[in-house]
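The block underneath contains the structure these notes are about, expressed in structure tokens.
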Amino acid sequence: MNIDYFREFIVLADCASYIEASERLFIGQSSLSKHIMAMEKELGVPLFERTSRRVVLTSFGRLMLPYANRIVQTQYDYQHALKTEQESAHGRITIGTISATAKYGITNLLTDFKKKYPNCTVQMFEGDPNDLVSQLHNYNCDVIFAHLPEYNPLPANFEHIHYIDDALSCILPLSHPLAGKEELHLEQLRDETFIALAENLTLHQLILNTCHRVGFSPNIAFLCHRVDSVLDLVTKGMGIALIAEYMTIRPEDGNFPEHAPFATARLLPRTTFSVDLCYRKNETLSPMAKRFIEFVQEKTDSSAASDSV
């Protein structure tokens with residue numbers, strides 16, 4: 001049976017008038033009458049009692065009405081779901097992320113997501129974690145990848161998915177007396193000259209807090225806004241630096257010396273932090289943002305399962 005007939009049946013039952021129902025449905029009275037009679041013929045029962053002025057539901061009509069409502073609602077639900085699915089495949093997502101996206105595999109993640117949803121538009125911008133949180137809070141992006149040290153918890157209205165763990169590492173010039181050590185205690189670096197990322201960066205504050213916990217303030221000679229500037233100054237013997245371990249990893253692709261021109265050492269005590277995917281909690285997300293969050297969750301679950309084997 002034509003589902004539109006059920007919708008017409010519901011409207012006629014509500015109006016109790018062919019004239020009013022046909023006007024509401026934008027169809028002729030004769031067409032509406034034919035459709036109702038076709039329903040009655042197929043069902044084998046009368047749905048309305050007809051008078052000269054109005055129509056009234058029969059007992060069969062009253063029995064049929066809730067089922068008709070359910071049928072029409074089901075049609076609406078699946079049509080809405082299909083439309084949403086279709087629109088989501090052509091949607092847009094804006095992603096804020098910390099720098100060194102290639103080091104953390106975020107660019108690979110975005111590439112894989114784009115391959116899975118080729119019709120979506122992915123917009124990405126980089127920034128300091130504090131700025132990224134502000135951008136997310138002000139609805140300037142859908143999700144962010146950000147460093148989350150212990151001292152810098154997320155606002156209560158944010159949700160997050162753990163993406164990857166990182167830790168502070170010490171890098172030194174190859175000519176430094178401590179070069180070649182696999183591990184260094186932070187106390188050993190008390191009198192060193194430091195090269196650091198700029199003060200507005202979350203990692204800079206993490207480094208200051210870490211040094212203060214062991215009883216000293218680092219002597220910072222250079223403040224840089226880019227990691228490659230920090231690495232270059234260390235290579236030239238201008239000081240040492242504490243940076244994220246992932247930032248010292250040689251990438252699989254791209255221009256990078258086979259042997260790094262600086263020495264690296266694990267920092268003790270271990271100072272760890274996470275990189276998380278963050279989004280606003282308890283708010284309606286765009287279909288593409290939901291897909292991306294699910295995509296990242298699947299990737300991290302798969303990676304955790306592989307590590308546990």
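Any value given below was found using the heavy atoms of this structure, including those in side chains, with hydrogens, waters and symmetry copies removed. Small disclaimer: the values here were computed from a predicted structure and weren't measured.
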Can you list the steps and then say if Thr121 with Ile93 is a side chain to side chain contact (heavy atoms under 4.5 Å, CB included)?
-> CA-CA 6 Å; Thr121 300; Ile93 182 170; over 6 Å; no
Start with the C-alpha gap between Ile243 and Leu231, add the side-chain angles, then the distance that decides, and say whether side chain to side chain contact (heavy atoms under 4.5 Å, CB included) holds.
-> CA-CA 9 Å; Ile243 64 172; Leu231 299 179; 3.7 Å; yes
For Cys141 and Ile95, what are the C-alpha separation, side-chain angles and deciding distance, and is it a side chain to side chain contact (heavy atoms under 4.5 Å, CB included)?
-> CA-CA 6 Å; Cys141 55; Ile95 301 171; over 6 Å; no
Check the pair Met1, Leu43 against side chain to side chain contact (heavy atoms under 4.5 Å, CB included), reporting the backbone distance first and the verdict last.
-> CA-CA 10 Å; Met1 187 181 296; Leu43 294 171; 4.0 Å; yes
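The 12-atom threshold is exceeded at CZ of Phe295, counting heavy atoms of other residues, nucleotides or ligands nearer than 6.0 Å. In Tyr76, the OH atom is not crowded: 12 or fewer heavy atoms of neighbouring residues, nucleotides or ligands sit closer than 6.0 Å. The environment of Tyr67 atom OH is sparse: at most 12 non-hydrogen atoms of other residues, nucleotides or ligands sit within 6.0 angstrom. Counting heavy atoms of neighbouring residues, nucleotides and ligands inside a 6.0 Å radius, atom CZ of Arg226 does not exceed 12 of them.
Looking at Ile171 and Ile240, their side chains never come closer than 4.5 Å, going by heavy atoms from C-beta outward. In this structure the side chain of Glu49 never reaches within 4.5 angstrom of the side chain of Val55, judged on heavy atoms. Between Tyr18 and Ile36, some side-chain heavy-atom pair lies under the 4.5 Å cut-off. Residues Leu168 and Glu245 fail the side-chain proximity criterion, which asks for heavy atoms closer than 4.5 Å. Looking only at side-chain heavy atoms (C-beta outward), Leu184 and Leu268 stay at 4.5 Å or farther from each other. The shortest distance between side-chain heavy atoms of Ile144 and Thr97 does not fall below 4.5 Å. Under the 4.5 Å side-chain criterion, counting only non-hydrogen atoms from C-beta, Ile98 is not in contact with Glu126. Proximity of Ile220 to Ile195: side-chain heavy atoms (C-beta onward) are nowhere separated by under 4.5 Å.
Within the model, atoms CD of Glu294 and CD of Gln297 stand 9.5 Å from one another, a figure rounded to the nearest 0.5 Å. Within the model, atoms CG of Leu242 and CG of Leu186 stand 6.5 Å from one another, a figure rounded to the nearest 0.5 Å. Residue Leu267 holds its CG atom at 9.5 Å from CD of Gln188, rounded to the nearest 0.5 Å. Note: Thr193 OG1 to Leu233 CG = 12.0 Å, rounded to the nearest 0.5 Å. Note: Thr271 OG1 to Phe273 CZ = 9.0 Å, rounded to the nearest 0.5 Å. For the atom pair CZ (Arg92) and CE (Met288), the distance works out to 11.0 Å, reported to the nearest 0.5 Å.
In this structure, Val45 is a member of the same hydrophobic cluster as Met64, with clusters built from ILVMFWY side-chain heavy atoms closer than 4.5 Å. Leu65 and Val56 fall into different hydrophobic clusters, where Ile, Leu, Val, Met, Phe, Trp and Tyr side chains are chained together by heavy-atom contacts under 4.5 Å. Tyr139 and Val122 are not part of a single hydrophobic cluster, where members link through side-chain heavy atoms under 4.5 Å apart. Linking ILVMFWY residues whenever their side-chain heavy atoms come closer than 4.5 Å, directly or via other members, leaves Phe9 and Ile19 in distinct clusters. Hydrophobic clustering (ILVMFWY, side-chain heavy atoms < 4.5 Å, transitive): Ile207 and Phe216 are in one cluster.
Heavy-atom minimum distance, Ala263 versus Gly180: CB-N, 4.2 Å. The heavy-atom pair separating Met238 from Phe222 by the smallest distance is CE-CZ, 3.6 Å. In plain terms, the two heavy atoms of Leu32 and Ala21 that are nearest each other are CD2-CB, 3.7 Å. Heavy atoms only, all atoms of each residue included: Tyr5 and Ala38 are closest at CE2-CB, 4.1 Å. Between Phe125 and Thr94, the shortest heavy-atom contact is CE2-CG2, 4.0 Å. Of all non-hydrogen atoms in Pro218 and Leu208, the two that sit nearest each other are CG-CD2, 3.7 Å.
No side-chain donor-acceptor contact under 3.5 Å links Gln73 and Asn69. His212 and Ser217 share a donor-acceptor pair across their side chains, judged by distance under 3.5 Å alone.
With respect to the salt-bridge test (charged N to carboxylate O, under 4.0 angstrom), the residues Glu20 and Arg24 qualify. Remark: Glu40 engages Arg50 in a salt bridge, criterion side-chain N to carboxylate O under 4.0 Å. Between Lys116 and Asp112 no salt bridge is recorded (no basic side-chain N to carboxylate O distance below 4.0 Å).
With Arg62 contributing its side chain and Leu57 its backbone, the two residues share a donor-acceptor pair below 3.5 Å. The backbone N or O of Asn140 lies less than 3.5 Å from no partner atom in the side chain of Asn138, so there is not a single donor-acceptor pair. Put simply, the side chain of Thr210 gets close to the backbone of Leu206: a donor and an acceptor are under 3.5 Å apart. Judged by distance alone, with hydrogens and angles left aside, the side-chain atoms of Arg280 form a donor-acceptor pair with the main-chain N or O of Leu136 at under 3.5 Å. Looking only at distances, a side-chain donor or acceptor of Ser169 sits under 3.5 Å from a matching main-chain atom of Ala265. Of the possible donor and acceptor atoms, none in the side chain of Asp166 sits under 3.5 Å from a partner among the backbone N and O of Ser274. Listed for the His204 side chain is a donor-acceptor partner under 3.5 Å among the backbone atoms of Leu197. For His176 (side chain) and Leu178 (main-chain N/O), a donor-acceptor pair under 3.5 Å exists by modelled atom type. No donor-acceptor pair closer than 3.5 Å links the side chain of Ser33 to the backbone N or O of Gln29. Lys114 contributes a side-chain N or O that, together with a main-chain N or O of Cys120, makes up a donor-acceptor pair within less than 3.5 Å.
Ring-plane geometry between Tyr104 and His147 is classed as perpendicular, the angle between the planes exceeding 60 degrees on a 0 to 90 degree scale with a lower cut at 30.
Note: His35 and Phe6 fail the aromatic proximity criterion, with ring centroids not under 6.0 Å apart. Two rings, from Tyr163 and Phe145, have their centers less than 6.0 Å apart. Tyr117 has its ring centre less than 6.0 Å from the ring centre of Phe113.
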